[in-house]
S.K.: 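Before anything else, here's the structure in question.
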Amino acid sequence: MHKVKILFFALGAILFWQCESPQSGSDGGGSLPILGNRHVDQIERDGKMVEDTVYHEIADFEFVNQLGDTISNADVEGRIYVADFFFTTCPTICPIMKKEMLRVYEAYKDNPNFLILSHSIDPTHDTQEVLKVYAEKLGVNDAKTWNFLTGDAEKIYEIGQTSYLTTAMEDQNEPGGFLHSGAFVLVDGEGHIRGVYDGTKSDQVDRLIRDIPKLLEQ
């Protein structure tokens, strides 16, 4: 099959912030956009050249949750989820983010087609055991809906910055030694980013809570 890539462009500068950012998503009854880079391929199909739009997708991953279970992209396939990045000793925005994420959790914890993936950017300290205690202190006693993930630091930083297009890295000049954004990233069942919300702002998390059903109902 002959394939020629003919176009590449970015859809907005959506995700690079730390504590504050504009929200990307929807506010109303319409469908949510697909965010991130995209390109259009020309492919040969049935003897004809046709255009096929290829959207940005979350790359394959494999991390360990607070119960010691391996969580991969296969576990989220076909399901709606919200991803964020944090660390348990964070002295700045993480407590606010987790308070706000608890609202999302309470709203959708009983829906089997919804998940939350919270990635630790300090996996050396945030072992599976540490994450389990942290989750339980938040009132999350299982991993049916909310997974607190640890794993190889470089892989976490890479997926944060290249797949979720957000800030996640070690930085000794920052409080706690790490730099990350407050983004809550809404992902659909095909691995496409459909909304980005500032997890430190209640009004944006309200909007996230309203947007999630737009994907669950598709």
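Because the structure is a prediction, the values reported are computed rather than measured. No hydrogens, no waters, no symmetry mates; every other heavy atom, side chains included, goes into these values.
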S.K.: Relative to the ring of His119, is the ring of Phe61 parallel (under 30°), tilted (30 to 60°) or perpendicular (over 60°)?
M.R.: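 Judged by the thresholds at 30° and 60°, the geometry between Phe61 and His119 is perpendicular.
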S.K.: Quick one: does any side-chain atom of Tyr157 pair with a main-chain N or O of Ile121 as donor and acceptor, under 3.5 Å?
M.R.: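 Indeed, once roles are kept as given, a pair shorter than 3.5 Å links the two residues.
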S.K.: Judged by atom type as modelled, is there a donor-acceptor pair below 3.5 Å linking the side chain of Asp126 to the main-chain atoms of Phe87?
M.R.: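 Not confirmed, Asp126 side chain does not pair with Phe87 backbone.
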S.K.: Donor-acceptor check, side chain of Ser181 to backbone of Thr166, threshold 3.5 angstrom: yes or no?
M.R.: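 No: the side chain of Ser181 does not pair with the backbone of Thr166.
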S.K.: Show the nearest heavy-atom pair for residues Gly160 and Phe85, with the distance to one decimal.
M.R.: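 Closest heavy-atom pair between Gly160 and Phe85: CA-CZ, 3.4 Å.
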S.K.: What are the two closest heavy atoms between Leu186 and Leu32, and how far apart are they?
M.R.: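 Nearest heavy atoms, Leu186 then Leu32: CD2-CD1, 3.8 Å.
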S.K.: State whether Glu100 and Arg103 are salt-bridged, where the test is any N-O pair (Lys NZ or Arg NE/NH1/NH2 against Asp/Glu carboxylate O) under 4.0 Å.
M.R.: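 Judged by the 4.0 Å cut-off on N to carboxylate O distance, Glu100 and Arg103 do form a salt bridge.
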S.K.: Do the side chain of Gln161 and the main chain of Thr167 share a donor and acceptor less than 3.5 angstrom apart?
M.R.: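 Not at all, since once roles are kept as given, no pair shorter than 3.5 Å links the two residues.
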S.K.: Donor-acceptor check, side chain of Arg194 to backbone of Pro33, threshold 3.5 angstrom: yes or no?
M.R.: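 Yes, the answer is positive, given that a donor and an acceptor are paired below the 3.5 Å cut-off.
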S.K.: So do Lys155 and Phe63 actually touch side chain to side chain, heavy atoms under 4.5 Å?
M.R.: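 Heavy-atom side-chain distance check passes, below 4.5 Å.
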S.K.: In Å and rounded to the nearest 0.5 Å, what is the OG1 to CG distance from Thr145 to Asp110?
M.R.: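 So the gap between those two atoms works out to 7.0 Å.
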S.K.: Would one find more than 12 heavy atoms of other residues, nucleotides or ligands at under 6.0 Å from atom CD of Glu62?
M.R.: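 No, the 6.0 Å shell around CD holds no more than 12 heavy atoms from other groups.
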S.K.: What pair of heavy atoms forms the shortest contact from Ala107 to Ile209, and how long is it?
M.R.: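 Smallest interatomic distance, heavy atoms only, reads CB-CG2, 4.4 Å.
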